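Let me begin by presenting the structure, written as structure tokens, before commenting on it.
Hydrogens, waters and symmetry mates are skipped; everything else that's a heavy atom, side chains included, is used. This structure is a prediction, so every number in the text was calculated from the model and none was measured.
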Amino acid sequence: MRAKPVESRCRTAHDIGEDRGGCWEGVSVRPVSVLWLTGAPGVGKSTVGWALYGLAQAQHRLVAYIDIDQLGLIAPAPVGDPDYHQLETTNLVEVLGTFRRHGAEQVIVSGVVDPHHGISPYLRDTTDFEFTLIRLRCTREELQSRYLARGSSAERVEEAMVVADTLDRNAVGAPLDTTALSPGEVVGMLADRLRLLEPEVLVPGSVSARSAVSEQCPVLLLVGPTAVGKSTVGWEALRMLWGRGLTAAYIDADQLGFFTADSALKIKADNLIQIWRGYRRAGARALIVVARGTPHPYQHALAGEHVTTVCLQASQSELAKRIAQRSRGDGARLAGDSLIAASAQQQQRLLSRSSTEAAVLQRCHDGAGPSTPSIERVRQ
């Protein structure tokens, strides 16, 4: 069964040339293709999306990936947008623009959409991308099995069923029944939707680090090596801010750069500032950022905000323990997580990588000059 494109908008080369005064230098004249996989919670959107992205990478295609859930992590919800659909879609368009500037010809998106109206109402002013919305579905029995198998609460199964029924009733997207299919088989059915294009020569533009909003906001930037506990600490800090009634947002920078390895760090930083601007417009007054690696690109992206950078540390034995816990499935499951189901040999390699990352951060801290933003170190 092949799903067909259901929602698309594009601009012609002539349109773009007119906008640029007839100058096309450094501008892609092909619209970026967006393959959006949606469906009820637990149906397998992220699993299939990440696997399809892996296939594209193996075939050396200019394809990027983003999970829509990473683009609406703010509370309370924006006024008039209780389900975050407008905020997530607005942030998505900015992220798509970043990927496009870095040469992406296609972006795979996974995530829930408005089960009543789909994506069209939120993309009325978007003209530079071709959207194809695919709705993954399965029987209610299979959905319940998948939902519970990922560790979700049994008390919320019915909520997933309601979303599935609403999506079906409103015929949102092109349906693809995955009831009897493995994730690999679903990927095989979608593989022909991956673009195979000749790369264009583009010079990625820079994103201005300074926000259009003049008020300075506090930002907590948590960095540290693999498995040190950045996300755990970040979420606890976020819950504390929410508990105080402060409108605060959360960004995991490592979820924002799934494209080419050589440009990943720059893409993460560019997407970070774009998403933060979206959160600020939505009313955010504080931000928690977690990131692996050196903090300097993110400190630069957040120039103009009051940034406190904290580097988390842990002993070798504690890192090994946490890597083992994560390999058993403890903690949130995110795209690109190399810790999940890691073998003993893989865990040793991850521990070595974590130690190397910690050493680099230590050198970064030791070599900081008087003009370099300070880094506080916290041992857990």
Side-chain angles (χ1 to χ4, degrees), residues 7 32 34-39 41 45-46 49-50 53 63-102 104 106-115 117-126 128-129 131 133 163 173 207 211-213 217 219 231 234-235 238 242 247-259 264 267-291 298 301-302 332-337:
E7 305 189 38
V32 170
V34 181
L35 180 59
W36 193 329
L37 305 179
T38 192
K45 304 177 294 296
S46 298
W50 181 252
Y53 169 69
V63 177
Y65 172 80
I66 188 72
D67 188 325
I68 197 74
D69 290 344
Q70 298 295 322
L71 307 182
L73 299 175
I74 181 176
V79 176
D81 189 20
D83 297 316
Y84 299 90
H85 296 308
Q86 185 63 68
L87 173 63
E88 290 178 340
T89 307
T90 300
N91 279 343
L92 173 64
V93 170
E94 297 299 332
V95 168
L96 295 176
T98 297
F99 283 132
R100 181 180 188 174
R101 285 192 297 275
H102 285 270
Q106 185 174 38
V107 181
I108 298 168
V109 179
S110 61
V112 173
V113 301
D114 185 337
H117 306 292
I119 60 178
S120 289
Y122 308 100
L123 294 167
R124 297 190 190 282
D125 298 326
T126 303
D128 291 337
F129 308 101
F131 288 86
L133 186 62
V163 173
V207 176
S211 172
V213 184
C217 286
V219 176
S231 298
W235 269 108
L238 186 67
W242 287 346
T247 302
Y250 177 93
I251 296 176
D252 184 339
D254 292 324
Q255 292 294 305
L256 307 180
F258 295 127
F259 184 40
I267 291 174
K268 291 176 188 178
D270 286 353
N271 276 333
L272 168 63
I273 191 59
Q274 295 289 9
I275 295 169
W276 173 227
R277 287 172 177 170
Y279 285 154
R280 291 210 65 177
R281 288 191 295 268
R285 292 298 173 263
L287 174 66
I288 308 291
V289 179
V290 298
Y298 310 115
L302 294 164
R333 298 193 173 194
L334 300 175
D337 192 342

Worked verdict on Glu94 versus Leu71 for side chain to side chain contact (heavy atoms under 4.5 Å, CB included): CA-CA 10 Å; Glu94 297 299 332; Leu71 307 182; over 6 Å; no
Side chain to side chain contact (heavy atoms under 4.5 Å, CB included) evaluation trace for Tyr250 with Val290: CA-CA 8 Å; Tyr250 177 93; Val290 298; 3.3 Å; yes
Lys268 vs Asp254, side chain to side chain contact (heavy atoms under 4.5 Å, CB included): CA-CA, chis, key distance, verdict: CA-CA 7 Å; Lys268 291 176 188 178; Asp254 292 324; 3.1 Å; yes
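Between the CD1 atom of Ile66 and the CD1 atom of Ile108 there is a distance of 12.0 Å, given to the nearest 0.5 Å. Distance CG/Leu334 to CD/Gln70: 6.0 Å, rounded to 0.5 Å. The structure places CZ of Arg101 at 10.5 Å from CG of Leu96, a figure rounded to the nearest 0.5 Å. Distance check: Thr38 OG1 to Asp114 CG gives 10.0 Å after rounding to the nearest 0.5 Å. The line from CD1 of Ile251 to OH of Tyr298 is 11.0 Å long, rounded to the nearest 0.5 Å. The distance from the OH atom of Tyr53 to the OG atom of Ser46 is 14.5 Å, given to the nearest 0.5 Å.
Contact annotation: the side chain of Val95 approaches that of Ile275 to within less than 4.5 Å [non-hydrogen atoms, C-beta and beyond]. Side chains of Trp276 and Leu287 form a contact here, defined as non-hydrogen atoms less than 4.5 Å apart. By the 4.5 Å heavy-atom criterion applied to side chains, Lys45 and Ile68 are not counted as neighbours. Within the 4.5 Å cutoff, side-chain heavy atoms of Pro41 are placed close to those of Val163. Side-chain contact between Leu35 and Val63 is absent, with no heavy-atom pair separated by less than 4.5 Å. Gln86 has its side chain out of reach of Pro78: every pair of non-hydrogen atoms, C-beta onward, lies at least 4.5 Å apart.
Remark: side-chain polar atoms of Thr89 are not paired, donor with acceptor, to backbone N or O of Tyr122 under 3.5 angstrom. Gln255 places a side-chain N or O within donor-acceptor distance of the main-chain N or O of Ala335, the cut-off being under 3.5 Å. Side-chain atoms of Trp36 never come within 3.5 Å of backbone atoms of Val107 as a donor-acceptor pair (strictly under, hydrogens ignored).
Using a 3.5 Å distance cut-off with no hydrogens or angles, the side chains of Thr247 and Tyr279 do not pair a donor with an acceptor.
Residues Gly97 and Phe129 share a closest heavy-atom pair of N-CZ, 3.9 Å. Listed here is the closest heavy atom pair of Ser110 and Asp67: O-OD1, 3.3 Å. What you find for Ile74 and Ala284 is that their closest heavy atoms are CD1-CB, 3.6 Å. The two residues Ala75 and Tyr84 come nearest to each other via the heavy atoms CA-OH, 4.1 Å. When all heavy atoms of Ala269 and Ala301 are compared, the closest pair comes out as O-CB, 3.7 Å. Smallest separation of non-hydrogen atoms from Gly80 and Pro82: C-CD, 3.5 Å.
The aromatic rings of Trp50 and Tyr65 lie perpendicular to each other, with more than 60° between the two planes, well past the 30° mark.
For the side chain to side chain contact (heavy atoms under 4.5 Å, CB included) test with Leu87, the passing option among Asn91, Asp83, Thr90 is Asn91; the others fail.
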